[in-house]
Enquirer: 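I have a structure here, written as C-alpha coordinates, and I will follow up with some questions on it.
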Amino acid sequence: QVAETASLAVDPEFLGCGIGFQLQAARLEALRTQGIKRIHTESDRPEVIHWYVSKFGYRVVGRNPKKHAFGRADCDYWTVLELDLGGG
(Lines give C-alpha, C1' and ligand atoms only; values in the text may rest on other atoms or scores of the structure.)
Protein backbone atom coordinates (compact mmCIF):
# COMPACT_ATOMS: atom_id res chain seq x y z
CA GLN A 1 0.00 0.00 0.00
CA VAL A 2 1.11 3.52 -0.82
CA ALA A 3 0.23 6.75 0.99
CA GLU A 4 0.97 10.40 0.38
CA THR A 5 1.74 12.84 3.16
CA ALA A 6 1.28 16.59 3.03
CA SER A 7 1.61 19.75 5.08
CA LEU A 8 3.85 19.36 8.06
CA ALA A 9 4.59 22.73 9.66
CA VAL A 10 6.12 24.07 12.85
CA ASP A 11 5.71 27.60 14.17
CA PRO A 12 8.91 29.48 13.24
CA GLU A 13 9.38 30.37 16.91
CA PHE A 14 9.99 26.67 17.62
CA LEU A 15 12.12 25.69 14.61
CA GLY A 16 15.19 23.70 15.59
CA CYS A 17 13.59 22.20 18.71
CA GLY A 18 12.94 18.78 17.16
CA ILE A 19 9.16 19.19 16.98
CA GLY A 20 8.99 18.57 13.23
CA PHE A 21 11.14 15.46 13.60
CA GLN A 22 8.86 14.11 16.34
CA LEU A 23 5.72 14.84 14.30
CA GLN A 24 7.16 13.17 11.21
CA ALA A 25 8.39 10.13 13.16
CA ALA A 26 4.93 9.72 14.73
CA ARG A 27 3.25 10.09 11.35
CA LEU A 28 5.50 7.43 9.80
CA GLU A 29 4.91 5.02 12.67
CA ALA A 30 1.14 5.49 12.41
CA LEU A 31 1.29 4.74 8.68
CA ARG A 32 3.50 1.69 9.29
CA THR A 33 1.00 0.26 11.78
CA GLN A 34 -1.74 0.66 9.15
CA GLY A 35 0.21 -1.49 6.72
CA ILE A 36 1.50 1.29 4.49
CA LYS A 37 4.66 0.16 2.68
CA ARG A 38 5.62 3.27 0.74
CA ILE A 39 5.20 7.01 1.28
CA HIS A 40 5.22 9.80 -1.30
CA THR A 41 5.49 13.48 -0.53
CA GLU A 42 6.29 16.63 -2.51
CA SER A 43 8.13 19.84 -1.73
CA ASP A 44 9.48 22.86 -3.57
CA ARG A 45 11.85 23.91 -0.77
CA PRO A 46 15.45 22.63 -0.95
CA GLU A 47 15.88 22.72 2.83
CA VAL A 48 12.77 20.58 3.33
CA ILE A 49 13.87 18.12 0.64
CA HIS A 50 17.27 17.84 2.32
CA TRP A 51 15.58 17.29 5.71
CA TYR A 52 13.41 14.44 4.40
CA VAL A 53 16.39 12.80 2.68
CA SER A 54 18.97 13.21 5.46
CA LYS A 55 16.76 12.59 8.50
CA PHE A 56 14.33 9.95 7.24
CA GLY A 57 15.92 8.31 4.21
CA TYR A 58 13.55 9.56 1.52
CA ARG A 59 14.87 9.55 -2.02
CA VAL A 60 14.09 11.95 -4.85
CA VAL A 61 12.11 10.09 -7.53
CA GLY A 62 10.97 12.84 -9.85
CA ARG A 63 9.24 16.14 -10.45
CA ASN A 64 5.63 17.20 -10.94
CA PRO A 65 4.68 20.49 -12.57
CA LYS A 66 2.70 22.82 -10.33
CA LYS A 67 -0.92 23.23 -11.38
CA HIS A 68 -1.71 26.06 -8.96
CA ALA A 69 0.14 29.01 -7.46
CA PHE A 70 1.15 27.48 -4.15
CA GLY A 71 4.50 27.34 -2.41
CA ARG A 72 7.53 29.14 -3.81
CA ALA A 73 6.69 31.54 -6.63
CA ASP A 74 10.16 31.08 -8.17
CA CYS A 75 9.75 27.30 -8.61
CA ASP A 76 7.27 25.84 -11.11
CA TYR A 77 7.52 22.19 -10.02
CA TRP A 78 7.30 19.92 -6.99
CA THR A 79 10.14 17.56 -6.17
CA VAL A 80 8.63 14.12 -5.54
CA LEU A 81 10.13 12.11 -2.69
CA GLU A 82 9.55 8.49 -1.75
CA LEU A 83 10.23 6.48 1.40
CA ASP A 84 10.16 2.69 1.64
CA LEU A 85 8.69 1.67 4.97
CA GLY A 86 9.72 -1.94 4.40
CA GLY A 87 7.98 -5.10 3.51
CA GLY A 88 7.97 -4.79 -0.24
Side-chain angles (χ1 to χ4, degrees):
Q1 291 186 1
V2 179
E4 183 174 348
T5 59
S7 298
L8 177 71
V10 175
D11 186 314
E13 182 179 343
F14 298 100
L15 289 177
C17 296
I19 295 168
F21 184 90
Q22 291 176 37
L23 288 170
Q24 176 67 3
R27 170 162 74 175
L28 293 177
E29 184 56 29
L31 291 166
R32 242 184 230 105
T33 64
Q34 294 177 39
I36 301 299
K37 304 296 184 202
R38 209 170 54 218
I39 307 290
H40 285 170
T41 196
E42 297 179 345
S43 181
D44 64 355
R45 294 174 47 201
E47 69 277 12
V48 172
I49 295 163
H50 175 75
W51 183 75
Y52 277 117
V53 169
S54 66
K55 300 290 185 184
F56 297 98
Y58 281 77
R59 60 189 180 90
V60 174
V61 296
R63 289 182 175 180
N64 282 332
K66 288 184 179 178
K67 297 176 184 167
H68 306 286
F70 184 76
R72 289 178 39 209
D74 64 338
C75 186
D76 64 354
Y77 64 88
W78 299 105
T79 296
V80 181
L81 300 134
E82 182 178 277
L83 178 64
D84 181 5
L85 290 177

Enquirer: Kindly compute the distance separating CG (Leu31) from OG1 (Thr5), expressed to the nearest 0.5 Å.
Expert: 7.5 Å
Enquirer: Side chains of Glu82 and His40: is there a donor and an acceptor less than 3.5 Å apart?
Expert: yes
Enquirer: Under a 4.5 Å cut-off applied to non-hydrogen side-chain atoms, are Val60 and Ile49 in contact?
Expert: yes
Enquirer: Does one hydrophobic cluster hold both Phe14 and Leu8, with members joined at side-chain heavy-atom distances below 4.5 Å?
Expert: yes
Enquirer: When rounded to the nearest 0.5 angstrom, what is the spacing between CG in Asp11 and SG in Cys17?
Expert: 10.0 Å
Enquirer: May I ask whether Val80 and Leu28 are part of the same hydrophobic cluster, defined by side-chain heavy atoms of I, L, V, M, F, W, Y residues being less than 4.5 angstrom apart, directly or through others?
Expert: no
Enquirer: Quick one: CZ on Arg45 to NE2 on His50, what's the gap to the nearest 0.5 Å?
Expert: 13.5 Å
Enquirer: Test side chain to side chain contact (heavy atoms under 4.5 Å, CB included) on Lys37 and Val2; report intermediate values, then the result.
Expert: CA-CA 6 Å; Lys37 304 296 184 202; Val2 179; over 6 Å; no
Enquirer: If the plane angle is over 60° it's perpendicular, under 30° parallel, otherwise tilted; pick one for Phe56 and Tyr52.
Expert: tilted
Enquirer: Heavy atoms, side chains only, cut-off 4.5 Å: are Trp78 and Arg63 in contact?
Expert: no
Enquirer: Is Tyr58 linked to Val61 within one hydrophobic cluster, defined over Ile, Leu, Val, Met, Phe, Trp and Tyr using a side-chain heavy-atom separation of less than 4.5 Å?
Expert: no
Enquirer: Ala6 and Arg27: which non-hydrogen atoms are nearest, and at how many Å?
Expert: O-NH1, 3.0 Å
Enquirer: Atom CG of Asp84 and atom CZ of Arg59: how far apart are they, to the nearest 0.5 Å?
Expert: 8.0 Å
Enquirer: Is the shortest side-chain heavy-atom distance between Asn64 and Tyr77 below 4.5 Å?
Expert: no
Enquirer: Can Thr79 and Ser43 be said to form a side chain to side chain contact (heavy atoms under 4.5 Å, CB included), step by step?
Expert: CA-CA 5 Å; Thr79 296; Ser43 181; 5.6 Å; no
Enquirer: As an exercise, state the distance from CD1 of Ile39 to CG of Leu81, rounded to the nearest 0.5 Å.
Expert: 12.0 Å
Enquirer: Tell me, do Arg38 and Leu85 make a side-chain contact under 4.5 Å, heavy atoms counted?
Expert: no
Enquirer: Taking salt bridge (charged side-chain N to carboxylate O under 4.0 Å, His left out) as the criterion, tell me which of Asp44, Asp76, Asp74 meets it with Lys66.
Expert: Asp44
Enquirer: Any chance you could measure Glu4, atom CD, to Ile36, atom CD1, to the nearest 0.5 Å?
Expert: 12.0 Å
